[in-house]
Amino acid sequence: MTLALAPACPPDDATAPTGAHLLARGYERLAALCEPLHLDVRWPAEAPIPTPGAAYPFAEHPTRASNADEDSATTSHRPTLEQLAADTELLAAFLDAEAARIAAAGDAVPRRHAVAARALHGCLWSVSLLLSGVWYLERRVPLLDQRAVRCDLSSNRYEVTPGGFLCLPDDPAAGLPGVRTVPDEEALRAELRDGFAALVGPLLAAIGPWFRRGPRALWGMAGDDLVSGIWTLGRLLGEEEHAARLAGEVLPHAIAPYPDGAGFRRLTGATGRAHLTRTRTGCCLYYAIRPAEACGTCPRTGDAERLRRLEG
């Protein structure tokens, strides 16, 4: 496994005219480090163009979107989270696109509620990283609303328009336009939890009837994907233990509206090696597509099977 090591601090803080410009750099850095996150970054107007090959190695990452393309991001093909939550036809198209991806992978398309679960899971995981990924890498929590995030229905890519962010008082970016400080790490974690809940809450309410699940299952899935995004990013950086500890600090136990904590535990294999695992609170229904391949953190997957996969 090739590890992509992140700089301890994002560079060029002093040259960024606003927090939005600095956050755009942070998103490009996140996209470069987290390959499973398919992200386009819409830079603020008049953003400075970083120098290729400079200290910031991801300056020309191909996920950059041009502001001139704003009109092409049509509601029907790349709706915002706000539009998805408010328009039943767009939400149906969102589910249709997920069903098409399932069929394209050679799987039988499951019943509509299972398609809704899969679509929601993918969306929550990606959107959670728009907040938690920057927090993990830079101890900054983006200030995003539902209009700042778009989902491309055909490609399953996400687009973010950066705004301001929250940070700790000793952050070099404190004082930039659009940047606000909070007193300590726990306050920053609370902003991460609350920001994610505000971002996805309307979508959870809108998709609930399609998913045929109540608020506990919906918010359980949201909490699962908030934890999973941090865990995945840490593993990609070779920092699984560190990531699990931080995810456990974000959700140490049930904190409204999330019904459960991260709940990491260890399984010991035949050689004595310990492996991190957890059990999801909200089921993503992957087993409805491939019954023999339930998720490694699914309540249906016993510890013996988890160890077989982890050590196989």
Side-chain angles (χ1 to χ4, degrees), residues 1-6 33-38 98 101-102 105-108 110 113-115 117-126 128-129 132-133 135-137 189 193 196 211 213 216-255 258-312:
M1 176 179 176
T2 301
L3 303 183
L5 299 179
L33 292 171
C34 189
E35 185 178 353
L37 177 63
H38 303 141
E98 180 65 21
R101 281 187 289 274
I102 293 171
D107 295 305
H113 75 283
V115 171
R118 297 303 302 161
L120 179 61
H121 166 54
C123 180
L124 291 174
W125 187 89
S126 296
S128 76
L129 275 165
S132 67
W135 169 80
Y136 182 88
L137 294 171
R189 289 190 289 267
R193 291 189 296 264
F196 182 51
F211 187 19
R213 297 294 188 276
R216 176 180 171 81
L218 290 162
W219 283 108
M221 183 182 286
D224 287 333
D225 287 318
L226 178 59
V227 169
S228 176
I230 297 167
W231 190 15
T232 299
L233 181 56
R235 283 187 297 193
L236 289 170
L237 295 173
E239 303 170 351
E240 182 179 21
E241 292 283 343
H242 176 63
R245 179 177 63 79
L246 291 186
E249 291 173 355
V250 171
L251 277 181
H253 47 72
I255 300 176
Y258 309 102
D260 209 348
F264 282 99
R265 58 192 178 88
R266 297 182 188 277
L267 299 176
T268 302
T271 64
R273 180 183 175 186
H275 302 272
L276 281 167
T277 190
R278 63 179 301 271
T279 298
R280 292 182 62 91
T281 301
C283 186
C284 69
L285 298 187
Y286 183 68
Y287 70 86
I289 300 171
R290 296 184 180 180
E293 300 178 28
C295 296
T297 55
C298 179
R300 291 170 170 250
T301 305
D303 288 353
E305 173 60 15
R306 295 184 188 208
L307 280 171
R308 186 191 69 79
R309 295 185 193 183
L310 290 166
E311 298 193 324

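Predicted model only: the values in this text are computed from it and were never measured.
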Considering non-hydrogen atoms only, spot the tightest contact between [X] and [Y] and give its length.
X    : Y    : answer
V250 : I255 : O-CD1, 4.3 Å
L233 : C34  : CD1-CB, 4.0 Å
I230 : Y136 : CG2-CD1, 3.9 Å
L226 : S132 : CD1-CB, 4.2 Å
A254 : P259 : CB-O, 3.3 Å
R266 : A274 : CD-CB, 4.3 Å

Practice item. Evaluate side-chain contact (heavy atoms from CB on, under 4.5 Å) for R278 paired with D260, printing each intermediate quantity in order. Key: CA-CA 12 Å; R278 63 179 301 271; D260 209 348; over 6 Å; no
Review point. In Å and rounded to the nearest 0.5 Å, what is the OG to NE2 distance from S126 to H121?
Key: 9.0 Å
If we ignore hydrogens and angles and just use 3.5 Å, is the side chain of [X] paired with the main-chain N or O of [Y] as donor and acceptor?
X    : Y    : answer
D224 : G282 : yes
S128 : D225 : yes
T301 : T297 : no

Review point. Within a reach of under 6.0 Å around CZ of R273, are more than 12 heavy atoms found that belong to other residues, nucleotides or ligands?
Key: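 Not buried by this count: 12 neighbours or fewer within 6.0 Å.
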Does some side-chain heavy atom of [Y] sit less than 4.5 Å from a side-chain heavy atom of [X]?
X    : Y    : answer
P36  : L236 : yes
M221 : T281 : no
T232 : R235 : yes
L237 : L33  : yes
F264 : E241 : no
L120 : L218 : yes

Review point. Is it true that R309 and E305 make a salt bridge, defined as a side-chain N closer than 4.0 Å to a carboxylate O?
Key: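 The answer is yes: the pair qualifies as a salt bridge.
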**Study point:** NZ/NE/NH1/NH2 to OD/OE distance under 4.0 Å, R245 and E239
**Key:** no
Review point. Would you call the rings of F196 and Y258 parallel, tilted or perpendicular if under 30° counts as parallel and over 60° as perpendicular?
Key: parallel
Review point. Between R306 and T279, is a side-chain hydrogen bond (donor to acceptor under 3.5 Å, both in side chains) present by the stated rule, with each step listed?
Key: CA-CA 11 Å; R306 295 184 188 208; T279 298; 3.0 Å; yes
